[in-house]
Amino acid sequence: MAIKTQTVVDPFAGAPQRFAAGVLGMWVFLIVIAMLFLGAIMGYLVVRLHPDPAEPFIPKGATGLPGVLVFSTIALMASSYFMRLATQKVRLAQWQHAHAAMSATLVLAMVFLALQIIAWVTLWRNNIHFGDSLYAWTFYVLTGLHALHVLAGFIPLIRAWSKTARRAYSPEHPEGIVYCEMYWHLLGAIWLMLYFTLWLGMRT
Amino acid sequence: MTTINLSQPLDTTVRPDNYLTHTSGFMSWAFTLDHKRIGVMYMVSVLLSFFVGGVFALLVRTELLTPGQTIPGVTADVYNHFFTLHGAIMVFLVIIPSIPAALGNFIMPIMLGAKDVAFPRLNLFSYYLWVFGALFTVCSLLLGGFDTGWTFYTPYSTTTPAGGVIAALTGVFILGFSSIFTGLNFVVTVHKLRPPGMTWFRMPLFLWAIYATAIIQVLATPVLGITLLLLIVERAFNIGIFDPSMGGDPVLFQHFFWFYSHPAVYIMILPAMGIISELISVHAHRHIFGYKFIALSSIAIAIFSFLVWGHHMFISGQSPLLNTLFSLISFSVAIPSAVKVFNWMSTLYKGNIVLNTPMLYALSFLVLFTIGGLTGIHLATLNTDVHLHDTYFVVEHFHYVMMGSALIGMIGGLHHWWPKMTGRMYNETLGRVACVIVFIGFNVTFFTQFFLGSQGMPRRYYDYLPEYQIYHVISTIGSYIMALGFLLTAYYLMASLFGGRRAPANPWGGGSLEWQCSSPPPFDNFAKQPRVGDCYNFSAIRWDEKEQGYVVDPALQASVNPNLAAKNSH
Ligand code: HEM
Ligand SMILES: [Cu+2]
């Protein structure tokens, strides 16, 4: 099984240095993701603020953002809260609590995605179709891009969830769950910003 | 402050093997986590891409020998594909990764006295992203190619056949993430892996440059990513925010694109500037002049680079106020650039200049970058740019800075570190000859384009008025001369691998840490963490006949700093 490669060289002097580097690396990564969404939001604002004079940006028949988004927002915020709790409990070595909090995080993340899907279906049923207007296009693309990031987040979430079950972290070495938490909060923050932007976009 | 501390390059005798011989077999390379091997793999890939991009360049130049069709079968349409591929390959596959990912990967951790970059796995992942990105870009050829120019301007890119365009956009998107992860890795490496004693202001200037570049990579490239992503969706579904038919804005694409691509030109030039700082001080054997100014001007350039993108869009219908502001801020970029040039000149002044190949490349850089930078000022001036925009003047400008500076800097660095990477010396005479040929060929090719551009020959044109022909012919001849120079370079570099003299640890008399480990370095760079001093203080380094390289003279060191010499002798 083992592929004979170079002897792996550890660039770090010790675990604390590695952890510090990991956290810094995560911060840079968060900045990358944030820039991605900032770009998308800027693009949205530009086309929203300079609409085609012949055609209103919001097509006839559109009835505002789907109300279910309020609940998905609450779910994602709550999920973020439990994620925070889970890391705290790991740091205190309270494994059962940590695992329970991770389970709550995961379930709420699924709820969030389910509610997003409901929001898309609602809009679609209201005849707001992807290719029909820029309003629809931007809504689906922006929320879809965010949902994809949430979906990708399931990989670290499930990993952290199973590791809390196996007590694979230690209070001194909570690395993985800390990185996971950083990413998760960022997705929460980005969602708030996105929701706010879309809400602003609905005002005329 | 000016402590120097260069231990004798003892590692040579201690280690039985080096990073090339430590393990062998295909797998040991394909799955390597060693930054040096990854650097070498990048270098080989980048040079191969350079060859392919170069072939397209020669095709473009040959086609332009006469007005109308020159090469049988090359229609205007095919010509558009040629220059688009040439541009896209050279920018995204060659220049952007060449210095940070290839040379930087190899040299940076060693210069830092570290054993590897912070995240070796991510580093390997970046390399494979590069490979996938390159494959996608090349596959676009099979799907009908793309002829939008490397800039992918809408509505060209949203109206030309989808297959090739989508493949190419996906390729560049992936390449962008390769670049982002390299940048991320380097930021963390510079922050977290500097050895004790290496304060920020003791870092070799190459590291400052790579660091500033990495910052731009992580901040600007995601914007390119989202732009390309939106464009891919738009091209696939025929609707999107760049499409004016539904209230989208094609100029928005230009804003997005240049918000990335202007900083990206500094992703290309900053690392080259870092190399030049090393080359000039090492090969003139003189302490770099104005260290802090050079270091901080890299940061200044990185910051300014985010504020000037609009100078590519003076005639896009942007408001006059914006035009004025962008023009004004663009001028200010010239200040940190000039600060560097003046400091390099001062370093050379009264230096003990050795006119070997790396130094010749450094001097070429000084000349060509000065010309390229100054023509940038013409273009940043509103009223002249209205005439010069989209003419050969722009082509000439960016070739002076991208090829004449960024690429020449890379080749200079390649020669400088070649003995370290391969353990072999190349043929110095051929090296100098090739450099002179490239320099002459370059100027014949591109200086001519000044005249073309200022007389109004538009860029990206297949056909032209007969009065331009003489310039096109000269320019094409220049490109053949250049090709000759590069082929010669390829020849003697390859030849050195087989018959070259074994390289000493320190062939040039450099003071930074990479000259302290053997050539080629052992797999973990340093057995024990080296101690760090002023890497531009060459006073204790002298030529040694027996070693056929430079060594640290304990006697000289004692006179410079008795304290440290005593410590070293233990
Ligand atoms: C002194 C600093 C510089 C200034 C003031 C400057 C200014 C400009 C301006 C105003 C243009 C737009 C011309 C037009 O399209 O009408 C331009 C084009 C360009 N510049 Fe520079 N530039 C500078 C340095 C550089 C450097 C260092 C690089 C690359 C390493 C670079 C690469 C390019 C490229 C690639 C284009 C053309 C892009 C295209 O349209 O395809 N420039 N420059
Ligand atoms: Cu620019």
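So you know, we letter chains A, B, ... as the sequences are listed, proteins then strands, and number each from 1.
Shown here is A:Tyr81, whose OH atom has no more than 12 heavy atoms of other residues, nucleotides or ligands within 6.0 Å. By the neighbour-count criterion of 12 heavy atoms within 6.0 Å, atom CE of A:Met42 is sparsely surrounded, having that number or fewer from other residues, nucleotides or ligands. The 12-atom threshold is not exceeded at CD1 of A:Ile155, counting heavy atoms of other residues, nucleotides or ligands nearer than 6.0 Å. Within a 6.0 Å sphere centred on CZ of A:Phe196, other residues, nucleotides and ligands contribute 12 heavy atoms or fewer.
A:Leu145 is listed as a side-chain neighbour of B:Leu229, based on a closest heavy-atom distance under 4.5 Å. Counting heavy atoms from C-beta on, the side chains of A:Met35 and B:Thr221 never come closer than 4.5 Å. Between A:Val9 and B:Asp34, every side-chain heavy-atom pair lies at or beyond the 4.5 Å cut-off.
With rounding to the nearest 0.5 Å, the separation of CG in A:Asp10 from CG in B:Asp524 is 11.5 Å. One distance of note links CG of A:Leu36 with CZ of B:Phe177; it measures 5.5 Å at 0.5 Å rounding. Once rounded to the nearest 0.5 Å, the distance linking CZ of A:Phe12 with CZ of B:Phe119 reads 5.5 Å.
Across B:Asp116, B:Asp249, B:Leu184, the residue that shares the most heavy-atom pairs under 4.5 angstrom with chain A is B:Leu184. Between chain A and the options B:Thr189, B:Val187, B:Leu230, B:Asn238, the largest number of non-hydrogen pairs under 4.5 Å is found for B:Leu230. Here B:Val233 is the residue among B:Val233, B:Asp243, B:Val223 with the most heavy-atom pairs under 4.5 Å with chain A.
Within the 4.5 angstrom heavy-atom criterion, atoms from both the backbone and the side chain of B:Ala118 approach chain A. For A:Phe130, the parts lying under 4.5 angstrom from a heavy atom of chain B are both the backbone and the side chain. Looking at B:Phe181, only its side chain comes within 4.5 Å of chain A, counting heavy atoms on both sides. Contact annotation for B:Ile241: both backbone and side-chain heavy atoms come within less than 4.5 Å of a heavy atom of chain A.
At a heavy-atom cut-off of under 4.5 Å, chain A is reached by B:Leu252, B:Phe256, B:Phe259 from residues 251-263 of chain B, listed in order of number. Residues of residues 19-33 of chain A lying within less than 4.5 angstrom of chain B, judged on heavy atoms, are A:Ala20, A:Ala21, A:Gly22, A:Leu24, A:Gly25, A:Val28, A:Phe29, A:Ile31, A:Val32 in numerical order.
In plain terms, the two heavy atoms of B:Val117 and A:Pro11 that are nearest each other are O-CG, 3.3 Å. The minimum heavy-atom distance between B:Lys192 and A:Gln17, with the atom names listed, is O-NE2, 2.8 Å.
A:Trp137 contributes a side-chain N or O that, together with a main-chain N or O of B:Ile239, makes up a donor-acceptor pair within less than 3.5 Å.
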